[in-house]
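Sequence lines set the chain letters: A, B, ... in the order given, protein chains first and strands last, and positions in each chain run from 1.
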2 protein chains.
Amino acid sequence: MGRWQPDARGRLARAALELYVERGFDRTSVAEIAERAGLTERTFFRHYADKREVLFAGSSELQDVLARAVAGAPESAAPMDAVAVALEAAAGVLEERQEHARQRQSVIDANTELQERELIKLASLSGTLADALCERGVDEASAGLAAEVGIAVFKFAFRRWVDRAEDKELSLFIRESLAGLRAVTADA
Amino acid sequence: MGRWQPDARGRLARAALELYVERGFDRTSVAEIAERAGLTERTFFRHYADKREVLFAGSSELQDVLARAVAGAPESAAPMDAVAVALEAAAGVLEERQEHARQRQSVIDANTELQERELIKLASLSGTLADALCERGVDEASAGLAAEVGIAVFKFAFRRWVDRAEDKELSLFIRESLAGLRAVTADA
DNA sequence: CGTTTGATGACAGTCACTGACATCGCTCGG
DNA sequence: CCGAGCGATGTCAGTGACTGTCATCAAACG
């Protein structure tokens, strides 16, 4: 049992999720997470900025996926269409780990601090989308709006997907929600 | 200097904002806020759940305004129109304290934890909007989407309003943003 | 004037998070 | 094969947010 077991970061993330599920986020101390991972509290904070961040490390991957999808959308695509493409790409990533996503979400739903962190991560994704749209030559105002609204749609679709036991695909909910968006904004 | 100076809550809020502006949020301790208000740290936490909440106490007022505005919108108004009415009503509240709003926002913009709190307050406003729409008989899906998107538009408009020195009205930015939303979602 | 009630003070305790320094295991040039 | 260097970890002390508990004080009430 050397000091150097592999994948300390991953062990911490798994230990944290397990404990958050078993006993709840605020009944879990960082010392306990570290202990289960065979490490010390100090080392936890070398891998994750804080006790919440351990649940959100994957968010940077989503950022890459969104940025690449927007950049790769056909030139002819309107801003909102590029956003739609990106959201479906992100959906693909989440669908690969459906069970993990559901478990993680149930932990987040049970704790306000975690919800706050989730929201700022989503806001950061919105910023990524906006930047990627600007790269396509979309004016800043339209880019910002399309990104903000796109993330709003994603939140809405993701919620519906997570809340249902059926295994209807997330991308389906996203298409439905985009259609709903057009319906709701059209009539006036 | 009796123990019973009036408006302890208000004194704490003012002291907190002053200190957050002077020295920044994380360089300010709760003990310092309490001292400036002539109270103790323990008493601060009796009035505000945490160090951040002192900047967001007014959010419940916005909730009332939004709910009432949606309820009071003409029966003929489509969901998104009712949302528009509500957003302008909220804008009115903020415009009464433009200077306070700008100062407060500069503090929030300088600190991530405060941004997180702001986002969850906005999400809560979105929930309020959705509930109010449901009360009007709007189906839950449309209500949720309209609310979510409405708040996205509000965030966008508010940001533009705060960032400009000119005293163009917030409600103007909201109307512009709603128009932008329709433009961005229309072509497809 | 005594009692009650609600707000405050005082104090100890937990835990998230940080800085500083020691230690360990691996790698690489010799 | 060996020692230097380096990156990851351990150890420890400290700060500050937040909580529970009990004492205390000012005002309202009978």
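For Thr40(A), no side-chain nitrogen or oxygen approaches OP1 or OP2 of dT9(D) to under 4.0 Å. Side-chain nitrogen and oxygen atoms of His47(A) include none within less than 4.0 Å of the OP1 or OP2 phosphate oxygen of dA8(D).
Partners of Glu22(B) according to the salt bridge (Lys or Arg N to Asp or Glu O under 4.0 Å) rule, which considers only residues two or more places apart in sequence or in another chain, are Arg36(B).
Counted within 6.0 Å of CG on Asp7(B), heavy atoms from surrounding residues, nucleotides or ligands total more than 12; the atom is thus considered enclosed. With a 6.0 Å radius and a threshold of 12 heavy atoms from other residues, nucleotides or ligands, Arg27(B) has its CZ atom at or below the threshold.
Between Leu114(A) atom CG and Asp26(A) atom CG the span is 8.5 Å, to the nearest 0.5 Å.
Glu53(B) has a carboxylate O that lies under 4.0 Å from a charged side-chain N of Lys121(B), or vice versa, which qualifies the two as a salt bridge.
At whole-Å resolution of the value, CG in Leu39(A) and P in dG25(C) are 14 Å apart. A straight line from CD of Gln5(A) to P of dC26(C) spans 11 Å, rounded to a whole angstrom. Across the protein-nucleic acid pair, Ile33(A) atom CD1 and dA16(C) atom C1' stand 11 Å apart, rounded to whole Å.
Between Phe158(B) and Phe154(B), the two ring planes are parallel [angle under 30°; tilted spans 30° to 60°].
Arg52(A) forms no cation-pi arrangement with Tyr20(A), by the criterion of a distance under 6.0 Å to the ring centre and an angle within 45° of the ring axis.
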task: Start with the C-alpha distance between Lys51(A) and Glu113(A), add both sets of side-chain angles, then the distance that settles salt bridge (Lys or Arg N to Asp or Glu O under 4.0 Å), and finish with yes or no.
output: CA-CA 10 Å; Lys51(A) 193 184 163 188; Glu113(A) 300 175 53; over 6 Å; no
message: Can you build the contact string for nucleotides 12-20 of chain D? Use B for base contact, S for sugar-phosphate-only contact, and - for no protein heavy atom under 4.0 Å.
response: B----SBBB
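Residues of residues 6-21 of chain A having a heavy atom closer than 4.0 Å to DNA chain C: none are found.
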